[in-house]
Undergrad: 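Just passing along the structure, written as structure tokens.
All residue numbers refer to positions in the sequence shown, counting from 1. Ligands are counted one by one from 1 in listed order, and the atoms in each one are counted from 1 as well.
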Amino acid sequence: MTLIDGKATAAAIKKEIAEKVAGIVANGGRRPHLAAILVGHDGGSETYVANKVKACEECGFESTLIRYESDVTEQELLDKVRELNEDNSVDGFIVQLPLPGHINEQKITEAIDYRKDVDGFTPVNVGRMAIGLPCFISATPKGILELLRRYNIPTRGKHCVIIGRSNIVGKPMAQLMLQKIYGDSTVTVCHSHTDNLKEICRTADILIAAIGRPAFVTADMVKPGATVIDVGTTRVADASRKSGFRLQGDVDFDTVAPLCSYITPVPGGVGPMTISMLMLNTLLATERDW
Ligand code: NAP
């Protein structure tokens with residue numbers, strides 16, 4: 001069994017990006033510029049955005065953080081999004097979700113110019129991905145694809161089973177694994193109403209769990225030799241930790257790992273890849289001609 005080290009892979013990717021940026025700057029070019037809009041003071045969002053700003057520094061990017069209090073109006077946010085769409089000094093930008101309840105998230109997302117949508121959340125980017133056009137692929141599925149690629153895990157013609165059909169993980173992952181230019185796999189998507197879930201999972205060469213239910217995938221659901229990718233990150237109480245909790249994946253790691261050829265741990269697997277993929281998308285934003 002090989003443990004897929006997302007932390008080390010993400011660090012290597014950021015280093016590669018930093019080297020590329022240093023080369024661009026040495027040749028008189030401009031640093032990639034990522035802007036982030038953060039509304040309110042939600043602890044999780046503050047941490048995510050701070051980590052993104054830090055990753056920009058590591059990669060040699062310029063970053064701009066635009067903050068609003070949680071009473072900002074939808075119109076003010078829409079105006080800022082439109083301003084960033086037009087700002088030629090900004091290559092890409094994100095609006096950190098979730099937004100306060102009085103703001104329509106979908107309306108804000110749809111206002112972002114797809115050519116600057118480095119989160120890959122706009123319907124235009126999702127549609128372009130579905131038909132194989134150049135696009136920004138959202139960070140978590142892109143990170144999983146990158147892990148499979150860097151660990152030389154064959155995907156072409158393999159049976160990939162994805163548990164979960166959310167818009168941010170399950171569905172884009174299924175599209176990517178299906179596409180000839182990415183996974184080129186045979187794909188099955190399971191969800192909470194799937195009959196014979198265990199039997200279907202047991203036929204997977206690559207099993208991707210994106211459910212949000214700790215230790216849901218057990219050894220009797222995994223074919224010996226399969227690759228198992230665990231996207232789940234649920235906080236479970238743990239009195240032995242200073243924080244009082246630990247992150248638990250969707251896979252019962254201790255019983256499943258001995259069966260696998262490759263497996264991602266939680267933490268340290270898929271999670272660390274996400275921000276490095278946002279950085280890669282921002283670099284792509286400076287190079288794109290679409
Ligand atoms: P979500 O929107 O809650 O979707 C969960 C999916 O799992 C749904 O499609 C649901 O089916 C399915 N599901 C729930 N219970 C099930 C069951 N008993 N059997 C089969 N399918 C079941 O979650 P998400 O946003 O995709 O996130 C999933 C997990 O990944 C969470 O733990 C989240 O924290 C984590 N995550 C991690 C990262 C990262 O960077 N590491 C990024 C994003 C998400 P229905 O559609 O039928 O309801």
Side-chain angles (χ1 to χ4, degrees), residues 3-11 13-14 42-45 47-52 54-55 94 96-99 105-106 109 118-121 126 136-148 160-177 187-204 207-218 220-222 228-238 245-253 256 263-281:
L3 198 63
I4 298 177
D5 189 340
K7 204 174 164 192
T9 308
I13 290 169
K14 281 188 278 188
D42 172 78
S45 295
T47 307
Y48 291 136
V49 170
N51 288 338
K52 288 168 189 175
K54 184 168 162 266
I94 60 162
Q96 184 65 43
L97 302 179
L99 294 171
E105 281 184 2
Q106 192 57 33
T109 302
V118 284
D119 261 340
F121 288 161
V126 175
F136 293 114
I137 298 168
S138 65
T140 302
K142 183 172 172 134
I144 294 169
L145 209 58
E146 193 64 21
L147 285 175
L148 294 171
C160 176
V161 174
I162 296 158
I163 325 177
R165 55 176 166 183
S166 71
N167 286 339
I168 60 163
V169 190
K171 276 191 251 176
M173 197 67 237
Q175 283 289 350
L176 288 170
M177 293 308 285
V187 178
T188 303
V189 183
C190 300
H191 49 78
S192 66
H193 297 287
T194 298
D195 288 337
N196 306 323
L197 183 89
K198 273 190 185 192
E199 288 73 15
I200 295 169
C201 291
R202 263 205 301 269
T203 66
L207 181 62
I208 302 176
I211 326 165
R213 293 187 184 258
F216 180 88
V217 175
T218 45
D220 57 340
M221 296 166 73
V222 177
V228 174
I229 306 290
D230 190 351
V231 187
T233 46
T234 308
R235 282 183 176 192
V236 294
D238 185 343
F245 70 86
R246 69 189 151 82
L247 282 186
Q248 166 78 59
D250 288 341
V251 176
D252 186 27
F253 186 87
V256 169
I263 187 166
T264 58
V266 175
V270 172
M273 292 294 286
T274 305
I275 289 183
S276 65
M277 292 300 104
L278 177 68
M279 298 299 117
L280 210 49
N281 277 348

Undergrad: Is a side-chain N or O of Asp250 found less than 3.5 angstrom from the main chain of Ile211, in a donor-acceptor match?
TA: yes
Undergrad: When rounded to the nearest 0.5 angstrom, what is the spacing between CE in Met173 and CG in Leu145?
TA: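 One gets 5.5 Å once the value is rounded to the nearest 0.5 Å.
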Undergrad: Would you mind writing out a table of all protein N or O atoms found under 3.5 Å from any N or O atom of ligand 1, naming both atoms and giving the distance to 0.1 Å?
TA:
from, atom 1, to, atom 2, distance (Å)
ligand 1, 9 (O), Arg165, N, 2.8
ligand 1, 11 (O), Ser192, N, 3.3
ligand 1, 15 (N), Arg213, NE, 2.7
ligand 1, 21 (N), Ser192, N, 3.3
ligand 1, 26 (O), Ser166, OG, 2.5
ligand 1, 30 (O), Val231, O, 3.4
ligand 1, 32 (O), Thr233, N, 3.0
ligand 1, 34 (O), Thr233, O, 3.3
ligand 1, 34 (O), Thr233, OG1, 2.9
ligand 1, 40 (O), Thr274, OG1, 2.9
ligand 1, 46 (O), Arg165, NE, 2.7
ligand 1, 47 (O), Arg165, NE, 3.4
ligand 1, 47 (O), Arg165, NH2, 2.8
ligand 1, 47 (O), Ser192, N, 3.2
ligand 1, 47 (O), Ser192, OG, 2.5

Undergrad: Using only atom types and a distance under 3.5 Å, with no angle test, would you say the side chain of Asp230 pairs donor to acceptor with the backbone of Pro265?
TA: no
Undergrad: Could you check whether any side-chain N or O of Asn196 sits under 3.5 Å from a backbone N or O of Glu199, counting only pairs where one atom can act as donor and the other as acceptor?
TA: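 A pair under 3.5 Å: no.
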Undergrad: Donor-acceptor pair, distance only, cut-off 3.5 Å: does the side chain of Glu105 make one with the backbone of Leu99?
TA: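 A pair under 3.5 Å: yes.
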Undergrad: Would you check if the side chain of Asp119 reaches a backbone N or O of Ala139 as a donor-acceptor pair within less than 3.5 Å?
TA: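 Answer holds: no.
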